[in-house]
Amino acid sequence: MIPSSRPASRVNPRAFLLAAGRGMRFRPVTERISKPLLPYLNVPLARAHLAHLARFGVREAGVNLHHLGHQIEQHLVDGASKLPKLVFFPEPRILGTAGGLANAAGFLSGGDFLVINSDAAIEPDYGRLLERHRESGRLATLLVVPNREPDRYTPLQSEGDRVTGFGRESGGSRDEPLLFTGVSVLSPRLLADIPPGESSLVDLWKRVLERGQEIGWLEHDGPFADLGEPGDFLRSSLEALARGGPFPPGAGVFDESSRVLSLGPSELAAAGADLHACVIGDAALGTGARLRNSVVWGGARIESGVFLENCLVAGGVVESNVRLRNALLWAAPGERAVAIPLADAAHGFHARSPRL
């Protein structure tokens with residue numbers, strides 16, 4: 001993970017991490033764990049995004065909070081030494097992606113600011129994005145990738161380097177529609193256009209286009225995945241293993257021969273676990289456990305003789321000699337994990353990622 005070599009900016013920008021979502025597509029896991037704290041490649045998503053911003057040079061970042069907001073705040077405060085200075089914006093009533101920015105208008109009004117969705121797997125070149133935005137003088141510049149699945153994700157239409165519409169019917173000169181990655185840089189002039197209450201960034205941008213003003217875009221040069229559902233999370237993790245990275249600081253040790261990323265490789269070897277293409281957090285693995293193309297989060301326990309393939313073990317105990325494929329395994333700590341069939345995991349992967 002290498003931060004941009006470009007200068008941060010004439011003035012260090014502020015950033016805003018959107019972390020107030022309910023995580024409905026990742027239930028039942030998100031009933032207990034806030035989605036911004038899901039450990040993607042062994043590092044909680046919110047922490048990885050904020051650490052990447054800090055390496056770029058962002059000194060202050062806002063974070064909005066709603067569902068399990070106290071959990072997010074506590075986690076980030078406990079490890080804030082390597083993060084930007086954080087300002088939290090609780091939302092007792094969820095305000096949406098644009099409404100959350102309006103709620104933080106006083107914090108964001110000093111200059112152009114970065115906005116990041118917490119549930120995206122991406123390491124942006126913020127310097128390049130800010131440079132494009134400031135050269136254009138536009139109200140917003142969106143970081144995009146080619147849209148492999150326009151039936152699932154709202155397509156962005158474009159002409160040249162500007163966005164012309166949102167949705168299939170909006171028109172544009174580009175043959176292949178674009179997909180918004182969840183990363184953008186916005187002018188503070190937009191804050192006054194956000195109505196009271198809940199509202200979305202897409203609705204805000206549509207109003208901008210209707211007024212005849214321009215929104216720019218820049219194509220992201222690197223991997224990207226939407227982590228909306230458990231199957232997306234698993235497949236994106238496996239794609240990262242297939243590429244051999246990049247892995248965020250704190251992800252652990254990667255063994256190229258087995259394609260295993262682990263926080264405790266010595267403990268795995270001692271347990272005699274047989275692993276291939278797996279991400280293993282701070283979890284307990286029993287003797288003779290065999291795992292293929294799977295992810296195991298910290299706190300989970302896998303007992304002896306278990307065989308798992310294409311599984312996401314998010315919590316609980318996988319009991320001895322269980323054999324499972326294509327499942328989300330989930331329970332409270334110490335309780336027997338329940339297997340939930342994974343939906344087709346071939347979604348959510350758009351930019352420079354191998355199709356596994």
Side-chain angles (χ1 to χ4, degrees), residues 9 11-24 35-36 46 49-50 53 58 60-67 69 72-73 84 86-120 124 126 129-130 132-134 136-144 153-158 162-167 170 178-218 226:
S9 65
V11 177
N12 291 78
R14 286 182 170 177
F16 199 83
L17 183 69
L18 294 167
R22 299 182 180 93
M24 297 296 287
K35 193 171 184 182
H49 283 301
L50 291 167
L53 286 165
V58 171
E60 296 181 283
V63 182
N64 67 338
L65 304 171
H66 178 68
H67 177 63
I72 301 170
E73 182 173 1
L86 300 177
V87 181
F88 296 99
F89 295 89
E91 298 177 12
R93 175 173 171 263
I94 198 165
L95 294 173
T97 52
L101 302 182
N103 188 48
F107 174 76
L108 297 171
S109 59
D112 294 337
F113 56 92
L114 295 159
V115 181
I116 303 96
N117 285 351
S118 60
D119 60 354
Y126 291 119
L129 179 62
L130 281 161
R132 170 66 63 86
H133 177 74
R134 287 167 176 162
S136 73
R138 290 166 175 153
L139 291 175
T141 304
L142 315 185
L143 193 64
V144 303
Y153 298 101
T154 300
L156 274 63
Q157 307 297 340
S158 65
R162 64 185 181 89
V163 175
T164 58
F166 299 84
S170 53
L178 301 171
L179 170 68
F180 176 49
T181 64
V183 176
S184 60
V185 56
L186 306 182
S187 164
R189 291 177 287 161
L190 279 173
L191 295 170
D193 291 336
I194 302 173
E198 184 174 355
S199 62
S200 74
L201 280 172
V202 171
D203 289 338
L204 173 65
W205 293 332
K206 285 180 178 179
R207 289 196 294 273
V208 169
L209 296 180
E210 288 169 359
R211 292 200 302 261
Q213 296 173 300
E214 292 189 356
I215 294 172
W217 63 269
L218 177 70
D226 166 58

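All values reported here derive from a predicted model rather than from experimental measurement.
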Checking [X] side chain against [Y] main chain: does a donor-acceptor pair fall under 3.5 Å?
X	Y	value
His67	Met24	no
Arg207	Asp193	yes
Thr164	Gln157	yes
Arg14	Phe107	yes

Nearest-0.5 Å distance that lies between atom [atom1] in [X] and atom [atom2] in [Y]:
X	Y	atom1	atom2	result
Leu18	Leu201	CG	CG	6.5 Å
Asn64	Thr97	CG	OG1	9.5 Å
Ser187	Ile215	OG	CD1	11.5 Å
Arg93	Asn103	CZ	CG	11.5 Å
His49	Asn117	NE2	CG	8.0 Å
Leu101	Leu204	CG	CG	8.5 Å

Quick check: closest heavy atoms across [X] and [Y], and the distance to 0.1 Å?
X	Y	value
His66	Ala20	CB-O, 3.3 Å
Ile194	Ala102	CG2-CB, 3.7 Å
Ser184	Leu142	CB-CD2, 3.8 Å
Thr154	Leu179	O-CD1, 4.3 Å
Leu139	Val208	CD1-CG1, 4.0 Å
Ala140	Leu190	CB-CD1, 4.1 Å

- Message: Measuring only between side-chain heavy atoms, which start at C-beta, is Leu108 closer than 4.5 Å to Leu186?
- Response: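 A side-chain contact is absent here, since even the closest heavy-atom pair is not under 4.5 Å.
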Quiz prompt | 4.5 Å side-chain heavy-atom contact, Pro13 and Val185 | solution =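 Of all side-chain heavy-atom pairs linking Val185 with Pro13, none is under 4.5 Å.
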What verdict does the side-chain contact (heavy atoms from CB on, under 4.5 Å) test give for Leu209 and Phe166, after you've listed the backbone C-alpha separation in whole Å, the side-chain angles of each residue and the deciding distance to 0.1 Å? CA-CA 10 Å; Leu209 296 180; Phe166 299 84; 3.8 Å; yes
| Steps toward side-chain contact (heavy atoms from CB on, under 4.5 Å) verdict (Ile116, Leu53) | CA-CA 10 Å; Ile116 303 96; Leu53 286 165; 3.8 Å; yes
- Task: Measure up the Phe16 and Phe89 rings against each other and bin them: parallel (under 30°), tilted (30 to 60°), perpendicular (over 60°).
- Result: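 Correct class here is tilted.
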_Those residues that, when tested against Ala61, pass side-chain contact (heavy atoms from CB on, under 4.5 Å) (two or more places apart)_ =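 With neighbours one apart ignored, the set is Ala15, Leu50, Pro84, Leu86.
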Can a salt bridge be assigned to the pair Asp112 and Arg134 using a cut-off of 4.0 Å between side-chain N and carboxylate O?
->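 Counted as a salt bridge, because a side-chain N and a carboxylate O are separated by less than 4.0 Å.
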Worksheet entry | Option among Trp205, Phe180, Trp217 that satisfies the side chain to side chain contact (heavy atoms under 4.5 Å, CB included) test with Leu156 |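 It is Phe180, the one option of Trp205, Phe180, Trp217 that forms the side chain to side chain contact (heavy atoms under 4.5 Å, CB included) with Leu156.
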